[in-house]
Amino acid sequence: MISPASNNIDNQCSQFNKKRELLASLIRVAQDMNGHTHSLQDILLLARPSQQYPKKVHHYTDQLDYQIQTLEEPQLLKRSNKYDTLTDLLLNSLLEFIDLTQQQVNADEEPDAFSEEVEGQLNEFDAVTKTSIGIRIILQNKGIFLPPVKFGFPQEWISEHIESLNETNHNLRLKVKDRIAELIYDAQQLLLNESLPSSIRDNLSYVQDSMKVNLEYLFHGGNISHLPYEFESLDITAIPEPTMHEHLAQKNAALLAEKNKQQEKTSETKPGFNDKLKRWLNTSWKKSWRDLD
């Protein structure tokens, strides 16, 4: 934690922004792993013998390029074979990077950020699996049912790997919540410094409020890939924008409405977010956010 006793404002702000950048990197890894898990779930659909696709993936046909949507059956079959092959190649090329990240997370280490090349492969893997399914659904609508895709791994392995990734995603999510809560605490301590310039104080208040929104969003089960605020943009030393607090208020109002819907589904015995945040801020900083669950 950042010590409130330090008088070096520049140093404190630098420490805060460095921790924010590390958190942003961790969140990107968590988002990439979450996306990869969804892609693997699509792989499982392609591999299963029944080849019956649930309604939740039927919209993949709408995401196909218009050129693919208008192809005749012979061309569609060629495209299907091409994308099925690509899914297998991409899956094999990504396994090493995913396995390393899982090892680091399970060992409670800081996971390495994916390179631009790997992130590009992850995005391509997601697009290719959706395209493979979309083409097969179009063909089925035409009365053509293709056999399942033969990957280099049995269907059971894919299911087990998804289970393993779900556990890794859960651990990453806990790490992210802990880090966000810690930064909220650090912001609170920085704001106690009366020498803090007004521009930094305004930005810091905005960043703290934004992080509270993100933490509350995750607290209520929000998708980590769609956080309300991107951490890369929350720089407390940036030039303040006059409308950013107004923007935050509007965004908070929309999130509050969504939160109320979610809370209706939540057990009455579960403590609310504000209660938990208040308790956490008043306990020893050595106690992590997850310890209060």
Can a donor-acceptor pair be found between the side chains of [X] and [Y] at a distance below 3.5 Å?
X	Y	answer
His38	Gln41	yes
Asn223	Tyr217	no
Gln69	Thr61	no
Ser225	Gln31	no
Gln208	Tyr206	no
Asn169	Thr37	yes

message: As a quick check of understanding, evaluate side-chain contact (heavy atoms from CB on, under 4.5 Å) for Leu139 and Phe145, giving each step before the final call.
response: CA-CA 7 Å; Leu139 286 168; Phe145 289 79; over 6 Å; no

Flag the pair [X] / [Y] as yes when at least one side-chain heavy-atom distance between them is below 4.5 Å, and no otherwise.
X	Y	answer
Leu218	Leu227	yes
Ile135	Thr131	yes
Asp112	Phe97	no
Arg48	Leu44	no
Leu76	Lys142	yes
Gln67	Arg79	yes
Met33	Phe114	yes
Tyr83	Thr129	no

Any link between [X] and [Y] through a network of hydrophobic side chains (Ile, Leu, Val, Met, Phe, Trp, Tyr) touching at under 4.5 Å?
X	Y	result
Phe151	Ile162	yes
Val118	Leu95	yes
Tyr229	Val176	yes
Leu22	Ile184	no
Trp157	Val149	yes

Could you tell me whether [X] and [Y] have a side-chain N and a carboxylate O separated by less than 4.0 Å?
X	Y	value
Lys150	Asp84	no
Glu216	Lys177	no
Asp32	Arg28	no

Give a yes or no answer on whether the side chain of [X] reaches the backbone of [Y] with a donor-acceptor pair at less than 3.5 Å.
X	Y	value
Gln51	Arg136	no
Arg201	Leu191	yes
Ser14	Asp10	no
Asn106	Gln102	yes
Asn8	Asn11	yes
Glu163	Ile158	no

- request: Take Glu167 and Asn171 through the side-chain hydrogen bond (donor to acceptor under 3.5 Å, both in side chains) test and state the conclusion after the steps.
  value: CA-CA 6 Å; Glu167 183 177 346; Asn171 290 334; 4.5 Å; no

query: Do you know the tightest heavy-atom contact between Ser25 and Ala113?
result: OG-CB, 3.5 Å

statement: What one should report as the nearest heavy-atom pair of Ser195 and Ile9 is O-CD1, 3.3 Å

message: Determine whether Thr87 and Leu91 satisfy the following criterion, side-chain contact (heavy atoms from CB on, under 4.5 Å), listing intermediate values before the conclusion.
response: CA-CA 6 Å; Thr87 57; Leu91 175 59; over 6 Å; no

query: Centroid-to-centroid, His36 to Phe125, below 6.0 Å?
result: yes

query: Rounded to the nearest 0.5 Å, what separation is found between the CG atom of Leu86 and the CD atom of Glu124?
result: 6.5 Å

His170, NE2 atom: more than 12 neighbouring heavy atoms under 6.0 Å: no

- request: Determine whether more than 12 heavy atoms belonging to other residues, nucleotides or ligands lie under 6.0 Å from atom CD of Glu21.
  value: yes

statement: With sequence neighbours left out, the residues meeting side-chain contact (heavy atoms from CB on, under 4.5 Å) with Glu109 are Gln104, Ala107

task: Could you check Val207 against Leu183 for side-chain contact (heavy atoms from CB on, under 4.5 Å), going step by step and ending with a plain yes or no?
output: CA-CA 9 Å; Val207 170; Leu183 275 177; over 6 Å; no

message: List the residues meeting side chain to side chain donor-acceptor pair (under 3.5 Å) with Asn92, not counting sequence neighbours, and say none if there are none.
response: Asp88

message: Show, in sequence, the C-alpha distance, side-chain angles and deciding distance for Glu110 and Arg179, and conclude whether the salt bridge (charged side-chain N to carboxylate O under 4.0 Å, His left out) test is met.
response: CA-CA 12 Å; Glu110 192 73 25; Arg179 298 285 181 83; 2.7 Å; yes

- request: Let me see the working for His161 and Phe153 under side-chain contact (heavy atoms from CB on, under 4.5 Å), right down to the final yes or no.
  value: CA-CA 10 Å; His161 196 45; Phe153 308 94; over 6 Å; no

